[in-house]
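Below: one structure, written as structure tokens.
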Amino acid sequence: MQIALLGNPNTGKTSLFNALTNSYEYVGNWSGVTVEKKVGQFVDQSGQLIDLPGVYSLNPISKDETVVTNYLLEDTCEGLINIIDAAQLRRNLHLTLQLRETGNPVIVGLNMVDVAKNRGITIHTERLAQALDLTVMPIVARTGQGIDMLLSHLPELKTTNQLGLVIDYGAIIEHAIAKITNHLSQTSLNKRWLALQFLEGNHEIEDYLNKTSDITVMQQIRLDANKEISASSNRTLEQVIYQYRDQFIDALINSTVCTEKNQTTPLSERIDRIVTNRYLGIPIFLSLMYIMFMLTFDWLGFPISDLLDAFFSGPLTSVIQAGLNLIGASSFIEALIIDGIISGVGGVLVFVPQIFILFFFISLLEDSGYMARVATVMDRIMQSVGLNGKAFIPMIISFGCNVPGVMAARTIEQPKERLITTLLTPLMSCSARLPVYALFVGAFFSQHQALIVLSLYVLGVVVAFILAFVFSKTLFKNEQSFFIVELPPYRLPQWKTLSRSTWDKGKGFVKKAGTFIFAGSVFIWLLSYSGPGGVDVAMDESFLAMIGGIFAPLLIPLGFGTWQAAAALLTGFLAKEIVVATMAIIYVVPETGMQEVLQQAFTPVSAYSFMVFILLYVPCLATVAAINKETQSKRLAWFSIGYAFILAYLLSFIINQVGSRII
Amino acid sequence: MFLNELKIGETAQITNLSQVQVLLQKRLAHLGISEACEVCLKNKLPFGGPCVIDCKGQAVSLRKKDICTIQVEKSCR
Ligand SMILES: Nc1nc2c(ncn2[C@@H]2O[C@H](COP(=O)(O)OP(=O)(O)O)[C@@H](O)[C@H]2O)c(=O)[nH]1
């Protein structure tokens, strides 16, 4: 059994998905467009649940919304769960009507009944169910109330033979629908639905029909209908169709919903008076970012990482060493495990706590509803650099990882602003770069650790803003811009959702440490262990030194023209964490710590220059792949590498040249 | 009059949305904001930043230049 979950944004879709499923995975690459679709197993193992992005309508405006329409066109499922927000019934029902028109069996999960009740809204579910000819289950996704009932009704979906809902759209439109359905070639989809969506001007439907039928006739029919409609009502087809649905919903609501007025100001509104306050909005946002930052680093992150580091290099290494001695491992194996794997993988794993703290806060921001406020508060600034407030959300997400950041840019409606955001999110300092900073500030700036790291984060944002301004003025033609964002009510985040989404984001990092970085460490260690002169050579005569040596001269003006730095940077293109793994392997000295060795190889100025270079130099492989998929353009993917490299080189050059003269 | 002329906290009824840019009209419709709805201006951010409006219990923020195209009429109460 395969069931898809659909609903407006912020209706509790994620909560319901988590309540209905116990394990899930992301699957990329789907029906041509690359999206991450989330597939979960139902808790009773009866089938799969597919999570689709939140949409208001099947007629998409932004790119993420096209996913839903395409799913309905191209994939087959046994039924749909439509989750609707009981407190915002009217708006949610527009989607429900469209889903019923597809002719797929639909079951409605009426969510947030607790919220509705608090607001004095009572919904007569049986009547609603009857009018829509489907099952309506009142639920509270957050607490799990009603979920069992919903689950037990799912198998019915397969056997119900729901007919597609038919709303009377008036003579002109009905006539046009009839004509279009006549022209449609054989299809398993509901023809009336296709015709209606086509009349509404749904581009995805148009593209789909274009593959199988001749749409010029249909376009003519639409044009005629549009003329007729606008002659009689001064409105477009789309608006009139919307109106008919609205009337239908009006009647439905009148007969099923009872609202008592209560006069208390909702909590959300009171909070918003403060956090989106004219004067306090930006300071509050900056303070929150600062607290998040300090917890990730100074207050919580560094101490925990230090403890872990002490554990890895101390007890763990000696235990493993003793174990290896006991089984009589060869010195090759011992060196591989101790100097290669433990140094490399351990060097990265040390930062797991910090990365999880960061992801926790990002999840918290996402889940509480504050992100939409950030977009509002930041819009004025973003507008002045040619972007819109919504672009700030991908940027914050990018502090965790650039890949979801690049994908979050999809929610931006205008192509130009979306593209610029996609190209610039890699400048946000992601968690994979964090280990590099941590290592270097520990060695060179122990007095001002947090301040130095903060300066790098800020540098990334500032550079992104400047480039956004430049790009939007030069590379892209102007288009009309707008900004609209819904401010959902604040909701106290739930522990379960938070921990699940933190783990979701963070597990990639742990997994990478176990696979990619593990393999990388072994490979790099082998390169450093062997050379033209055989195996177990001095590090300076190894293959790694040779390869790094080729690029090292290029880096001399930047202050770190050593083969070690060059080799680390080269590997960093695969994933930025590997830089630390590589350095841990290269600079491994049993007696003294890595920090002392670093202090001999870098000066404080060249260390800062190196960190800036790491921040900017090229997006990691996964990010470049994501940019390539999102923009559908190899050229732009190369561009993202190219501009970043030039930028990094220039800035590091300036920092090193100026810095070394001053200090 | 236009929505931007309201004072913070004032309520009015939308009378005409046809001057709003087309994509934005669609988005407003998605959010259930259409003609004849009551809207309340909740907040204006400084330096010509976005404004927050409330319609049927949901808050939405929009740019000032777009709000200037939404025609409203103060409800006579
Ligand atoms: N009071 C209440 N809150 C809910 C309910 N369902 C979800 N929420 C909360 O609503 C917020 C948005 O939910 P989420 O699942 O992220 O919605 P999505 O954006 O549609 O995926 C979260 O903070 C949830 O905890 C519910 O039935 N009652």
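Below, read A as the first sequence line, B as the second, and so on, with proteins coming before strands; counting in each chain starts at 1. Model, not experiment: these values are computed from the prediction.
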Subject >> Rounded distance [0.5 Å steps], CZ in F47(B) versus CD in Q383(A) >> reply: 13.5 Å
Original post:
Does L31(B) offer a backbone N or O that forms a donor-acceptor pair with the side chain of Y56(A) under 3.5 Å?
Top reply: no
Subject >> side-chain contact (heavy atoms from CB on, under 4.5 Å) partner of I484(A), the single match among L23(B), L28(B), I33(B) >> reply: L28(B)
**OP:** May I ask you to check whether over 12 heavy atoms, not counting those of F469(A), lie within 6.0 Å of atom CZ?
**Re:** no
Original post:
Is E200(A) salt-bridged to K26(B), going by a charged N under 4.0 Å from an acidic O?
Top reply: no
Subject >> Engaged part of S62(A) at the chain B interface, taking heavy atoms whose separation is under 4.5 Å >> reply: both
Subject >> chain B interface, residue from Q239(A), H94(A), E413(A) that has the most non-hydrogen pairs under 4.5 Å >> reply: E413(A)
Subject >> Interchain contact, R235(A) with chain B, by part (heavy-atom threshold 4.5 Å) >> reply: side chain
Original post:
If you tally heavy-atom pairs under 4.5 Å against chain A, which of D66(B), V52(B), V60(B), D54(B) wins?
Top reply: V60(B)
**OP:** Please report the shortest heavy-atom distance between A29(B) and Y242(A), naming the atom on each side.
**Re:** O-OH, 2.7 Å
**OP:** Please look at R90(A) and chain B and tell me whether the side chain, the backbone, both or neither of the residue comes under 4.5 angstrom of a heavy atom of that chain.
**Re:** side chain
Original post:
Does R27(B) come within less than 4.0 Å of E65(A), counting only side-chain N to carboxylate O?
Top reply: yes
Subject >> Side chain proximity check, Q58(B) to L487(A), heavy atoms < 4.5 angstrom >> reply: no
**OP:** Keeping the roles fixed (side chain from R380(A), backbone from L45(B)), state whether a donor-acceptor pair exists under 3.5 Å.
**Re:** no
Subject >> Residue N234(A) versus chain B: region with a heavy atom under 4.5 Å >> reply: neither
Subject >> Full working for side chain to side chain contact (heavy atoms under 4.5 Å, CB included) between N8(A) and H30(B) >> reply: CA-CA 9 Å; N8(A) 285 14; H30(B) 285 170; over 6 Å; no
Original post:
Contact part of K42(B) toward chain A, heavy-atom cut-off under 4.5 Å: side chain, backbone, both or neither?
Top reply: side chain
**OP:** State the CG-OG distance between D246(A) and S34(B), to the nearest 0.5 angstrom.
**Re:** 5.5 Å
Subject >> Under 4.5 Å from any heavy atom of chain B - which part of F482(A) >> reply: both
Subject >> Heavy-atom pairs under 4.5 Å with chain A, option from S18(B), P50(B), G32(B) with the top count >> reply: P50(B)
Original post:
Rounded to the nearest 0.5 Å, how far does NZ of K44(B) lie from OG1 of T276(A)?
Top reply: 14.5 Å
Subject >> Per-residue contact mode, K56(B) against chain A (heavy atom under 4.5 angstrom) >> reply: both
Subject >> Region of Q88(A) that comes under 4.5 Å of a non-hydrogen atom in chain B >> reply: side chain
Subject >> Under-4.0 Å salt bridge between D379(A) and R63(B) >> reply: yes
